[in-house]
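Heads up: the structure comes next, in structure tokens.
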Amino acid sequence: MATQAPTYDLVMLLDPQAEDDARARPLADARAAIESQGELLRHDDWGDRTLTYAINRRSAAEYHLLQFHAGTPELLRTLDRSLRLADEVLRFRIVKLKPGVPEAPDVHAATVPARRTGPEAAAQPAAASERPADTAAESEAASQPGEAGSDATS
């Protein structure tokens, strides 16, 4: 019984400020290498997303997930070298998946609430921390001993 080639995930973060042709080149090269020396199982374009921290002074990246079977270890070395040399690739990671790992989620089908950023996020406080102004003033006055209306005697 022949064992199946291991499954790998390749996640690529591409520079969204690069020209479309230049950005498509490393992706096409990776797909071509995988298809020639292995089997491409899936390619998910996750679109532009905000980065948690800046990479090469970029605050966003275009995310791609390629899942594939590697026919030979040479494929991994080829991908690693070509992606390291491509200026349009901000980051990439090749991960060998253990058998039984669930499939990657379909990011476009999932409903993820939009993350608020910028000045409008700071201007809108969260509902849980909001308190009416009169309640805040009353609780502050009640916590001040010796103010008018208190029962404290000397």
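Values below: every heavy atom of this structure, side chains too, minus hydrogens, waters and symmetry copies. Given the structure is predicted, the values throughout are model-derived calculations rather than measurements.
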Note, [X] side chain near [Y] side chain (heavy atom, < 4.5 Å):
X: Leu66; Y: Phe92; value: no
X: Tyr53; Y: Ile55; value: yes
X: Leu10; Y: Leu65; value: no
X: Asp48; Y: Pro16; value: yes

message = Go through it in stages, so that I can follow the logic: the residues are Arg42 and Asp44, the test is salt bridge (Lys or Arg N to Asp or Glu O under 4.0 Å), and I'd like the CA-CA distance, side-chain angles, deciding distance and then a yes or no.
response = CA-CA 7 Å; Arg42 105 189 244 181; Asp44 293 345; 2.7 Å; yes
Do you know the tightest heavy-atom contact between [X] and [Y]?
X: Val89; Y: Pro26; result: CG2-CB, 3.8 Å
X: Leu90; Y: Ala60; result: CD1-O, 4.0 Å
X: Ala61; Y: Leu13; result: CB-CB, 3.9 Å
X: Glu88; Y: Ala18; result: CG-CB, 3.9 Å
X: Thr7; Y: His69; result: OG1-CE1, 2.9 Å
X: Asp45; Y: Gly47; result: OD1-N, 3.0 Å

Hey, could you give me the [atom1]/[atom2] distance between [X] and [Y], rounded to the nearest 0.5 Å?
X: His64; Y: Trp46; atom1: NE2; atom2: CH2; answer: 11.0 Å
X: Glu62; Y: Met12; atom1: CD; atom2: CE; answer: 9.0 Å
X: Ile34; Y: Leu76; atom1: CD1; atom2: CG; answer: 9.0 Å
X: Asp20; Y: Leu14; atom1: CG; atom2: CG; answer: 11.0 Å
X: Thr72; Y: Gln37; atom1: OG1; atom2: CD; answer: 4.5 Å
X: Arg31; Y: His43; atom1: CZ; atom2: NE2; answer: 6.0 Å

key: Salt-bridge present (Asp15, Arg23; N to O < 4.0 Å)   = no
key: NZ/NE/NH1/NH2 to OD/OE distance under 4.0 Å, Asp80 and Arg77   = no
side-chain contact (heavy atoms from CB on, under 4.5 Å) between Lys96 and Asp9, worked out = CA-CA 7 Å; Lys96 182 178 181 179; Asp9 275 354; over 6 Å; no
request  = Group every Ile, Leu, Val, Met, Phe, Trp and Tyr by side-chain heavy-atom contacts under 4.5 Å, then state whether Leu40 and Leu79 land in the same group.
outcome  = yes
inquiry  = Applying a strict under-4.5 Å side-chain criterion to I, L, V, M, F, W and Y, I'd like to know whether Tyr63 and Ile94 cluster together.
reply    = no
